Undergrad: 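Structure below; questions to follow.
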Amino acid sequence: MAVYVGRFAPSPSGPLHAGSLVAALASWLDARANGGRWLVRIEDVDGPRTAPGATEEILRQLHALGLVPDEAPVFQSQRGARYQAALDRLVAAGHAYPCGCTRREIDAELAAMGVPAQRGAERVYPGTCRPERGGLNGKPARAWRARCGTADAPVIMPWHDRRLGAQTQNVTEAVGDLVLQRADGPWAYQLAVVVDDAEQGISDVVRGEDLADNTARQIHLQHLLGLPTPRTLHTPLVRDARGEKLSKSNGAPPLDVSDPLAALRDAGAALGLPTLAARGAPDWRAQASAAWKSQWPLHN
Ligand code: GLU
C-alpha cells in the first residue's frame with residue numbers, strides 16, 4: 001500500500017470542542033485504519049487569533065483521548081521562511097503579484113462594474129493591480145496575490161472527495177486572485193496549508209466539511225507550485241440545538257475529556273460509526289478503526 005500520512009491541523013483560537021474533535025478523530029481513525037502515520041500541525045499563522053494557552057490545551061485534550069501524534073507537532077508560526085520561499089517561486093514564475101488595493105477600493109471598483117456588495121459573500125478581486133493593467137500604479141503594496149485565471153480562460157477545478165463525491169468549482173469566478181500574504185505580515189492559510197501538506201508528505205486530508213470550499217483553490221495553488229494533491233475526506237459538521245455549526249466563535253463549550261470513552265463515543269456517533277460495545281477508551285479506539293476501515297475503504 002502507498003504510504004499514508006494524515007494530519008489534524010487545528011487553529012489554536014481556543015480549546016477543542018465537540019465539533020473539532022470529530023475532525024481530529026476522523027483523521028486519526030483514517031490513519032490508523034490504513035496503517036499510516038498521524039501528525040498534528042498547529043495552524044497559528046494568524047497571531048491575533050491565537051488564544052494564549054490554547055495549543056497546550058488542545059494537545060492535552062488529544063492526549064487524554066489517546067489521540068497521540070506520531071511526531072512532535074509542528075507550528076506554522078515557525079515556518080515563515082518556507083512560505084516566503086514558496087511566494088518567491090510564485091513571483092519568479094509570474095504566478096503572483098503585489099496588490100495595493102484597500103477593501104474600500106476593491107468595493108468601489110466592483111460597484112463600478114455593477115457587482116453588488118453582498119454581506120458575508122466572498123469579494124472576487126477585480127484584478128486592478130495585475131501587471132498587465134499597470135501593476136501597483138504607484139500605490140504601496142498591501143498584499144501578494146496569486147493569479148487565478150481570467151474570464152476568457154477560467155480555472156475550472158474538478159476534484160473528488162471520498163465522502164462528498166465528485167465536486168467542481170470555477171475558482172476564477174468564485175474566488176479570483178487570492179491573497180497569499182497580507183500587508184500587515186501574516187501568511188494566508190491557503191498558502192501555509194498547501195506548503196505544509198506537501199512538505200510533511202500528507203497523503204490524506206481529513207477535515208471538517210466547512211473547509212471543503214477551500215479545496216479547489218488549494219489544488220490550484222498546488223498546481224502553480226508543482227506540488228502533489230492529497231486525497232480528501234470532509235467530515236459531517238456537528239450542529240448545535242439551533243442547527244448552527246459548532247464553533248469557537250459561536251460559543252461552543254470546551255470539550256470535556258474527563259470521560260474519554262464518552263467523548264469518543266459522541267464523536268464516533270457524529271461520524272456515523274455504529275455503537276460499539278467497548279470495555280474502555282483503548283478498546284473503543286481499536287474497534288472504531290476497524291469499523292472506520294469498512295465504512296471508508298481507501299482505494300489506491
Ligand atoms: N486550521 C484549520 C481550522 O482549524 C484547518 C485546516 C485544514 O485542516 O486544512 O479550521
Side-chain angles (χ1 to χ4, degrees), residues 4-31 36-51 54-59 61-62 67 69 73-79 82-83 86 122 157 159 161-164 167 169 175 178-180 186-222 225 227-239 244-250 252 254-255 267 271:
Y4 183 111
V5 187
R7 88 309 194 266
F8 173 53
S11 304
S13 51
L16 290 184
H17 52 75
S20 41
L21 174 61
V22 168
L25 177 64
S27 69
W28 185 90
L29 286 170
D30 203 46
R37 280 188 299 137
W38 186 67
L39 309 180
V40 170
R41 181 171 74 227
I42 302 295
E43 301 215 315
D44 54 354
V45 262
D46 193 348
R49 287 191 53 225
T50 297
T55 295
E56 294 70 21
E57 184 58 12
I58 290 170
L59 296 175
Q61 289 170 304
L62 289 173
L67 308 182
V74 300
F75 292 80
Q76 289 191 325
S77 55
Q78 296 167 9
R79 297 167 69 81
R82 292 173 171 89
Y83 311 142
E122 212 153 347
M157 190 62 72
W159 57 283
D161 185 83
R162 286 165 60 200
R163 178 172 156 264
L164 304 173
Q167 306 285 314
Q169 187 180 46
V175 183
L178 60 145
V179 171
L180 301 172
W187 295 98
Y189 154 67
Q190 308 294 350
L191 179 68
V193 77
V194 157
V195 169
D196 288 342
D197 281 345
E199 209 193 83
Q200 296 187 285
I202 301 299
S203 64
D204 287 83
V205 168
V206 177
R207 60 184 175 192
E209 194 177 321
D210 53 329
L211 292 160
D213 189 44
N214 293 287
T215 309
R217 72 195 76 175
Q218 289 172 4
I219 298 173
H220 173 60
L221 280 182
Q222 285 153 358
L225 284 161
L227 301 174
T229 294
R231 269 180 303 240
T232 57
L233 188 159
H234 287 89
T235 59
L237 292 186
V238 180
R239 299 186 184 277
E244 279 182 45
K245 178 200 141 195
L246 278 193
S247 74
K248 290 156 199 160
S249 52
N250 63 24
L255 182 75
L271 287 168

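Only heavy atoms go into these numbers, but all of them, side chains included; no hydrogens, no water, no symmetry mates. Quick note: residue numbers are just sequence positions, from 1. Everything numeric in this text was worked out from a predicted model, so none of it was measured. Both ligands and their constituent atoms are indexed starting at 1 by order of listing.
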Undergrad: Give me the residue, atom name and distance of the protein heavy atom closest to atom 1 (N) of ligand 1.
TA: Glu43 OE1, 2.6 Å
Undergrad: Using heavy atoms and a 4.0 Å limit, tell me yes or no: is Phe8 in contact with ligand 1?
TA: no
Undergrad: So is Gln218 touching ligand 1 or not, going by heavy atoms under 4.0 Å?
TA: no
Undergrad: For atom 3 (C) of ligand 1, what's the nearest protein heavy-atom neighbour? Residue, atom name and distance, please.
TA: Ser11 OG, 3.4 Å
Undergrad: Under a 3.5 Å threshold, yes or no: a donor from one side chain and an acceptor from the other, between Ser27 and Trp38?
TA: yes
Undergrad: Is it true that Gln222 and Thr229 share a donor-acceptor pair across their side chains at a distance under 3.5 Å?
TA: yes
Undergrad: Can you list the ligand 1 atoms lying under 4.0 Å from a non-hydrogen atom of Val193?
TA: 9 (O)
Undergrad: Looking at atom 5 (C) of ligand 1, what's its closest protein heavy atom, distance included?
TA: Ala9 O, 3.3 Å
Undergrad: Are Asn214 and Tyr189 close enough that a side-chain donor and a side-chain acceptor fall under 3.5 Å?
TA: no
Undergrad: What is the distance from atom CG of Leu255 to atom CD1 of Ile58, rounded to the nearest 0.5 Å?
TA: 11.0 Å
Undergrad: Return the closest protein heavy atom for atom 8 (O) of ligand 1 as residue, atom name and distance.
TA: Arg7 NH1, 2.8 Å
Undergrad: For Tyr189, counting its heavy atoms only, list the atoms of ligand 1 lying under 4.0 Å from any of them.
TA: 6 (C), 7 (C), 9 (O)
Undergrad: Ignoring hydrogens and angles, state whether a donor on the side chain of Thr50 or Asp44 is under 3.5 Å from an acceptor on the partner side chain.
TA: no
Undergrad: Taking atom CZ of Arg162 as the centre, report whether more than 12 heavy atoms of other residues, nucleotides or ligands fall under 6.0 Å from it.
TA: yes
Undergrad: I'd like to check which ligand 1 atoms, numbered from 1 as shown, lie under 4.0 Å from a non-hydrogen atom of Arg207.
TA: 7 (C), 8 (O), 9 (O)
Undergrad: I need the nearest protein heavy-atom contact for atom 10 (O) of ligand 1: residue, atom name and distance, please.
TA: Leu211 CD1, 3.9 Å
Undergrad: Out of Arg207, Gln167, Glu209, which residue meets the side chain to side chain donor-acceptor pair (under 3.5 Å) rule with His234?
TA: Arg207
